[in-house]
Amino acid sequence: MKITLSVIKADIGSIGGHIRPSQRLIGAVRSHIMQHGNDMLRDSHVSSTGDDIAILMAHERGPGDEEIHRLAWEAFLAGTAVAQEQGLYGAGQDLLKDAFSGNVRGMGPAVCEFEFDERPSEPFLFFAADKTDPGAYNLPLYLAFADPMNTPGLMLAPSMTAGFRFVIMDVNHTEGDRIIELEAPEDLYDIAVLLRDTERYVVESIWSRASGEQAVTVSTSRLHNIAGKYTGKDDPVMLVRVQKDFPATGEILAPYAIGPYVAGCMRGSHQMPLMPVPRNSDISYFDGPPVVSCTAFSMHDGKFTEPVDAFAHPFWDKVRDRVADKAIDMRRQGFFGAAMLPMSELEYTGIMEKLQVLDGRFRLRD
Ligand code: 13P
Ligand code: 13P
Ligand code: MG
Ligand code: MG
């Protein structure tokens, strides 16, 4: 049967700063989905990562469906009312428009979704990251889908040896979706040229070249492109189908052991290492570090199994220790050099106003 998986995610308020939503807030979003989504949804799962709440939904209505998007938008409105009542910080932070207009894309919430013929066994992974932006997935996806040093399946599995097609979006282009399609392995160097620039070029989807099936969908929204000013990071969500024609779960997870430096953390303005964390983790050190959680599901007829926490395994404790060391090392250099993002990424914040004032005070010496 044809199933659509949709994830719609927003920050609508959190306790003690940008740390985590309250249980009541998550409860309000969940019960709205339960009460109003019954006729439309095969299944749903509401979870939080840092201060973000993600609604994962299985249905048969296809991507971009107005009623599915409206359901999520209204669930976030119901949650925002609770956030206001409780005095949570940033109540309604990511709901940037007043009225719903048919689709939550361009309204603040992050969206990733795809439709496929459900396999007899349909294992998939749901990733959610906080205090970073969609480019954070560029390196893990490149390694998992294009590098045999990470993914032996590219050599061993007959259905994978044809490689994968990467659809990459220029997220600075705000007038529409500007995309390029590149094929691994032939276009490997071109893919690398783009993916190294995580603030501009973001993997949007990945497709099996052997079967034509879609493996990956990533949310690509940039909040400052919507709001025209800094309103928070673009905390990305991603769905990855695994096994058979696609990399194994372990091949998808392995790159997160690197703890690569990504954009984000404090005030969305720094470079800090990405820490793989258990589900429903909080935020702490320096409004970070940037975190990523991964939940594994299997699905049949659009019904989910119970969630399995992919980064809860003791292996990742060691990785977290190393990432914490990297984070502290980077913070030792404060505002200096690579610790902060380049000016282009700070353009809508106070530093630009300061620079303008200072610019007027410069003079040419006689
Ligand atoms: P399957 O062959 O059962 O898909 O699993 C692949 C595998 O060996 C994972 O490491
Ligand atoms: P969020 O985007 O997760 O709300 O974080 C905002 C921030 O800048 C924290 O320092
Ligand atoms: Mg927040
Ligand atoms: Mg957030």
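We count ligands from 1, going down the list as the structure has it; atoms in each ligand are counted the same way. This is a predicted model, so every value here is computed, not measured.
Counting all heavy atoms, side chain and backbone alike, Glu122 lies closest to Asp117 at OE1-O, 4.2 Å. Phe114 and Ala215 make their closest contact through CE2-O, 3.7 Å (heavy atoms, listed as atom of the first residue, atom of the second, distance).
Residue His18 approaches the Mg ion (ligand 3) most closely through its N/O/S atom ND1. Restricting Asp11 to its N/O/S atoms, the shortest distance to the Mg ion (ligand 3) is reached by OD2. Looking only at its N/O/S atoms, Asp235 has OD2 as the one nearest to the Mg ion (ligand 4). The atom of Asp51 that is an N, O or S and sits closest to the Mg ion (ligand 3) is OD2.
Look at Asp94 and the Mg ion (ligand 3): no N/O/S atom of the residue is under 2.8 Å from the metal.
Remark: among candidates Lys131, His270, Gln93, the nearest residue to atom 3 (O) of ligand 2 is Lys131, based on non-hydrogen atoms.
Residue-environment remark: CE (Met155) exceeds the threshold of 12 foreign heavy atoms within 6.0 Å. Annotation for His300: atom NE2 does not count as buried by contact number, only 12 or fewer foreign heavy atoms lying within 6.0 Å.
Between the side chains of His18 and Asp51, a donor-acceptor pair is found at a separation under 3.5 Å.
Under a 4.0 angstrom heavy-atom cut-off, Gly268 registers as being in contact with ligand 2.
Distances below 4.0 Å separate heavy atoms of Asp51 from the following atoms of ligand 2: 1 (P), 3 (O), 4 (O).
Around the Mg ion (ligand 4), the two atoms OD2 of Asp52 and OD1 of Asp130 are separated by an angle of 70°, to 10 degrees.
Salt-bridge check for Arg209 with Glu186: passed, with a basic side-chain N closer than 4.0 Å to an acidic carboxylate O.
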Q: Take Phe126 and His45 through the test ring pair (Phe, Tyr, Trp, His ring centres under 6.0 Å) and record every step on the way to the result.
A: CA-CA 11 Å; Phe126 158 56; His45 182 79; 7.6 Å; no
Q.
Show, in sequence, the C-alpha distance, side-chain angles and deciding distance for Glu113 and His69, and conclude whether the side-chain hydrogen bond (donor to acceptor under 3.5 Å, both in side chains) test is met.
A. CA-CA 11 Å; Glu113 44 188 353; His69 282 231; 3.0 Å; yes
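Contacts of Asp235 with ligand 2, taken as heavy-atom pairs under 4.0 Å, involve the side chain alone. Contact annotation for Asp130 and ligand 2: only side-chain heavy atoms (C-beta onward) come within less than 4.0 Å of the ligand.
Polar contact check, Asp11 against ligand 2: a nitrogen or oxygen pair lies under 3.5 Å apart.
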